[in-house]
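Computed over heavy atoms, backbone and side chain alike; hydrogens, waters and symmetry mates excluded. This is a predicted model, so every value here is computed, not measured. Chain letters run A, B, ... following the sequence lines, proteins first and then strands; every chain starts at 1.
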Amino acid sequence: MTGVRTRFAPSPTGYMHIGNLRTALYAYLHARKNKGKFILRIEDTDQTRLVEDSIRVIYDSLAVTGLEYDEGPDKGGPVGPYVQSERRPIYREHAEKLLNEGSAYRCFCNKDGNSEKQPTDDPADPILGYDGRCRKLSAAETQEKLAKGLPYVIRQKIDKEGRTIFNDFVYGEITVDHKQLDDQILLKSDGYPTYNFANVVDDHLMGITHVMRGCEYISSTPKYILLYRAFGWEIPEHIHLPHILNESGRKLSKREGSVALSSFLEKGYLPEAILNYIALLGWNPGTEEEFFSKEGLIEKFDIARIGKAPSIFDEKKLLWLNSRHIKARKPEEIHELFLKFYPDAIVNKFDVKQITGLIQGRVEKMSDIPQMVSFLMELDENYSKELFVNKKNKTTLEGSLAVLKDLESLLSGIASWNYDGIYGAVNSYAEAKGVKIGAIMWPLRVAISGLTVTPGGAVEIAELLGKSESIRRISLAIRKL
RNA sequence: GGCCUGUUCGUCUAGUGGUCUAGGACGCUGCCCUCUCAAGGCAGAGAUCACGGGUUCAAAUCCCGUACAGGCCGCCA
């Protein structure tokens with residue numbers, strides 16, 4: 001175990017939070033960048049919060065985004081197991097070591113909290129937390145309670161004297177007075193470790209060199225430092241990451257809008273676009289590039305360029321990046337993906353590959369596809385005839401009527417119904433009339449689509465619709481006018 | 001309440017004492033291109049660098065204070 005080792009250590013909550021995904025991404029990028037190892041560890045020490053199948057969600061999320069890990073529960077590795085609930089003997093052993101050395105003690109206080117100081121208790125002494133009463137228990141008293149079979153927790157002894165200074169890679173030197181710290185619980189009464197304890201033990205045992213996590217852990221990091229010292233362990237590099245906020249500047253939460261990776265995937269965002277976007281939230285490459293593939297990110301990533309300020313998640317920019325990533329994909333690949341979003345009726349009736357060719361450069365997110373192509377399937381016959389009037393192309397109601405009448409017979413006479421054939425016919429008609437082609441295309445488009453804005457030109461749409469359907473729609477427009 | 005942290009265009013950000021009359025990107029507006037839209041090209045609006053004091057010949061950049069925001073103070077992680 002040499003070189004850089006980073007880890008992603010999610011709790012199985014049932015969904016992949018986008019902020020968590022960014023933490024995973026940074027840890028992954030840092031490992032790959034430095035030819036190190038990226039490890040997956042499942043932190044399932046809260047038995048009351050277990051969510052069925054949620055480990056699957058973690059696997060799937062990392063798989064779909066391509067954040068492949070070198071060691072993990074399903075991959076194995078030299079420092080397993082990689083699921084905390086399977087490591088209980090390890091935590092107990094370590095907790096007992098501290099117990100024997102006198103840097104931890106058993107606490108028999110119950111969970112009702114009456115040994116915890118509350119905010120309102122004493123304004124003159126504003127520091128909260130456990131009051132440490134069980135520290136004073138004599139060995140005999142402890143034995144007596146133990147013999148009675150009373151439940152207990154193991155707490156770390158933290159003296160109120162002094163302070164701890166640690167260096168955070170992004171936030172710099174952080175000092176916390178020990179008065180602010182209380183005797184944290186290491187082992188819960190159900191025998192499971194707390195996050196605080198398991199995290200330190202595992203990060204050390206798993207040889208993690210760079211601890212990356214959300215900045216909500218900054219305040220408790222001194223406690224972890226104290227734990228490392230109590231064990232005599234080397235302290236890894238700490239890299240705390242600023243939060244990602246929602247539009248109103250609040251923490252991204254499930255209640256308001258999307259936070260789950262799955263919801264973005266369902267909306268038709270490409271995994272590489274999501275990765276690209278979240279990478280830029282709190283980090284920048286130091287150049288003016290913004291469009292990155294995963295490989296590009298690995299190449300450019302540098303923890304020295306992670307920022308401190310929280311950032312607001314802006315779906316508009318994600319959308320822009322998504323459309324760029326859609327354009328960057330090979331047509332065959334993108335067609336595969338689009339296929340999932342085309343309504344069955346479209347797939348059955350049209351050459352969808354051709355549609356993909358038309359819309360690949362215009363789709364911002366794939367869930368927009370049905371809406372974009374629905375007019376092909378069914379013409380909304382109630383469209384307003386005012387759509388035929390377009391100032392720029394100098395079209396009018398009467399003019400359009402005349403054009404469509406001509407087109408109706410002209411197009412009916414076309415032998416080979418393809419782009420060149422249709423375009424040629426329309427083009428020479430325009431030339432003969434001495435008008436710009438737009439003056440002809442406008443009424444054509446409106447007639448065959450019922451829209452003023454279409455993905456692709458009028459000819460392309462006519463080709464897609466086929467001869468008889470195109471003529472039918474033109475005739476209908478004539479009647480309308 | 002205590003402690004910790006943050007604050008540059010609406011948003012993401014560049015910026016580590018002089019090159020900043022603050023750069024880029026998204027979004028927005030307009031123009032060009034164009035059979036519509038999108039893409040692309042060009043142009044534009046948009047930031048008294050949270051505020052107030054210092055330090056310095058010189059501060060977005062250093063120091064102090066204030067305000068605002070977030071985090072922590074769980075047998076949650």
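Using modelled atom types and a 3.5 Å distance limit, the side chains of A/N196 and A/Q184 yield a donor-acceptor pair.
In terms of the ring pair (Phe, Tyr, Trp, His ring centres under 6.0 Å) criterion, residue partners of A/H325 (sequence neighbours excluded) are, by chain and number, A/F291.
When distances run from any side-chain atom of A/Y171 to the nucleotides B/rG6, B/rG74, B/rA77, the shortest one goes to B/rG6.
The six-membered or imidazole ring of A/Y224 lies away from that of A/Y217, with a centre-to-centre distance of 6.0 Å or more.
Aromatic ring pairs are classed by plane angle as parallel below 30°, tilted from 30° to 60° and perpendicular above 60°; the pair A/Y277 and A/F313 is perpendicular.
On a pure distance criterion of 3.5 Å, a polar donor-acceptor pair joins the side chain of A/S189 and the base of B/rC75.
Atom CG of A/L186 sits about 9.0 Å away from atom OG of A/S103, to the nearest 0.5 Å.
If you check every strand for non-hydrogen atoms under 4.0 Å, A/R213 touches nothing. Residue A/Q180 is in base contact, counting any heavy-atom pair closer than 4.0 Å across all strands shown.
Residues A/L137 and A/Y105 have side chains not in contact (no heavy-atom distance under 4.5 Å, counting atoms from C-beta outward). The closest side-chain heavy-atom distance from A/H243 to A/C215 is below 4.5 Å. Put simply, the side chain of A/I359 reaches to within 4.5 Å of the side chain of A/I369, judged on heavy atoms.
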**nucleotides 25-46 of chain B: protein proximity per nucleotide (B base, S sugar-phosphate only, - neither; heavy atom, under 4.0 Å)** = BSS------BBBBSS-------
Scan nucleotides 64-66 of chain B against the protein and return all N/O pairs shorter than 3.5 Å with their distances rounded to 0.1 Å.
none

